[in-house]
Trainee: 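Before I ask anything, let me first share the structure, which is written out below as structure tokens.
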Number of protein chains: 2
Amino acid sequence: MLLKVSTSTRLAELFSALSDSSRLRIISVLLDGEMNVSEIAAGLEMTESAVSHQLRGLRQMNLVRGRKEGRLVFYALDDDHVKKLYLMGLDHVKHG
Amino acid sequence: MLLKVSTSTRLAELFSALSDSSRLRIISVLLDGEMNVSEIAAGLEMTESAVSHQLRGLRQMNLVRGRKEGRLVFYALDDDHVKKLYLMGLDHVKHG
DNA sequence: TGAATACATGAGCAATTATTCATATATAAA
DNA sequence: TTTATATATGAATAATTGCTCATGTATTCA
């Protein structure tokens, strides 16, 4: 059934959050458990600034959440939907 | 587990195909069955050119396929993965 | 053949976006 | 307090993208 423009826009925003290589790699490491910004940056060979900018977008879409502990902020996937979408997409890419 | 850059790039391309309001609305009407370009354009209030450009992208990602019948080209969703990703995303947007 | 219709496509423009660089804020340690 | 560390963020820039407009190609009909 034809999507309303407003719904399609929100849905597009969700998929947009998953439409970048760097963000997907961030999600891929968070699938293994929470991790702080520096660790993520080191693992992905990105600057902390770039990672922080991307985490902001993922946060705004409620795909990840941050937990502050002293100077560190540990990020984790926010809900199971993300994981399902990610894994289903990966399945399509690998065997589709 | 950390995605390889090459895999994350392909996955990003898949989600990018779903990251636009117009393309999602095209997919939404194709969920009801195949439809030709002019009908899609009329239903979505887009030019045929714009629809054709978007269908090209969807075709290249193997998300839709076209079947030519005389002057008309009927498009349909290419596989069930698309439908699943779309519906799961929609669920997240509506109740997530 | 010639005109009309359906769709595809290239060029160009405006808008969006991912990154870098510089700087700000918060916490901890000296 | 001073210094260092971890993260966040604004501005600027380069690259990408969705659309329009013009045009090309295939098919049908007169």
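Computed over heavy atoms, backbone and side chain alike; hydrogens, waters and symmetry mates excluded. So you know, we letter chains A, B, ... as the sequences are listed, proteins then strands, and number each from 1.
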Trainee: Which is more 5' along DNA chain D, the nucleotide nearest A:Phe74 or the one nearest A:Arg56? Just name the residue.
Mentor: A:Phe74
Trainee: Quick check on contacts: within residues 24-39 of chain B, what sits under 4.0 Å from DNA chain D by heavy-atom distance?
Mentor: none
Trainee: For the CG atom of B:Leu44 and the CG atom of A:Leu2, what is their distance to the nearest 0.5 Å?
Mentor: 5.5 Å
Trainee: Is A:Arg59 close enough to D:dT9 that one of its side-chain N or O atoms is under 4.0 Å from OP1 or OP2 there?
Mentor: yes
Trainee: Identify, with sequence neighbours excluded, every residue that meets side chain to side chain contact (heavy atoms under 4.5 Å, CB included) alongside A:Ala42.
Mentor: none
Trainee: Between B:Tyr75 and C:dA6, is there a side-chain N or O to OP1/OP2 distance below 4.0 Å?
Mentor: no
Trainee: Can you name the residues that form a side chain to side chain contact (heavy atoms under 4.5 Å, CB included) with A:Thr7, not counting sequence neighbours?
Mentor: A:Leu3, A:Lys4, B:Leu90, B:Lys94
Trainee: Quick one: CG on B:Leu24 to OG on B:Ser19, what's the gap to the nearest 0.5 Å?
Mentor: 8.0 Å
Trainee: Over how many whole Å does the gap from A:Arg67 atom CZ to D:dA8 atom C1' extend?
Mentor: 18 Å
Trainee: Under the side chain to side chain donor-acceptor pair (under 3.5 Å) rule, what pairs show up with a residue in residues 21-33 of chain B, not counting sequence neighbours?
Mentor: A:Ser8-B:Ser21, B:Arg23-B:Gln54
Trainee: Please report the distance, rounded to the nearest Å, between CG in A:Leu55 and P in D:dA8.
Mentor: 7 Å
Trainee: If you look only at pairs with a residue in residues 76-96 of chain B, which of them pass as a ring-ring contact (aromatic ring centres under 6.0 Å, His included), with sequence neighbours excluded?
Mentor: A:His81-B:His92, A:His92-B:His81
Trainee: Could you state the CD-C1' distance from A:Glu48 to C:dT25, rounded to the nearest angstrom?
Mentor: 15 Å
Trainee: Rounding to an integer number of Å, can you tell me how far B:Leu72 CG sits from C:dA6 P?
Mentor: 7 Å
Trainee: Provide the full list of side chain to side chain donor-acceptor pair (under 3.5 Å) pairs with a residue in residues 55-77 of chain A, sequence neighbours left out, each pair given once.
Mentor: A:Glu34-A:Arg67, A:Arg59-A:Tyr75, A:Arg65-A:Asp78, A:Arg67-A:Glu69
Trainee: Output one letter per nucleotide in nucleotides 17-30 of chain D: B when a protein non-hydrogen atom lies under 4.0 Å from the base, S when only the sugar-phosphate is that close, - when neither is.
Mentor: -SSBBB---SBB--
Trainee: Any side chain to side chain donor-acceptor pair (under 3.5 Å) pairs touching residues 38-47 of chain B, not counting sequence neighbours?
Mentor: none
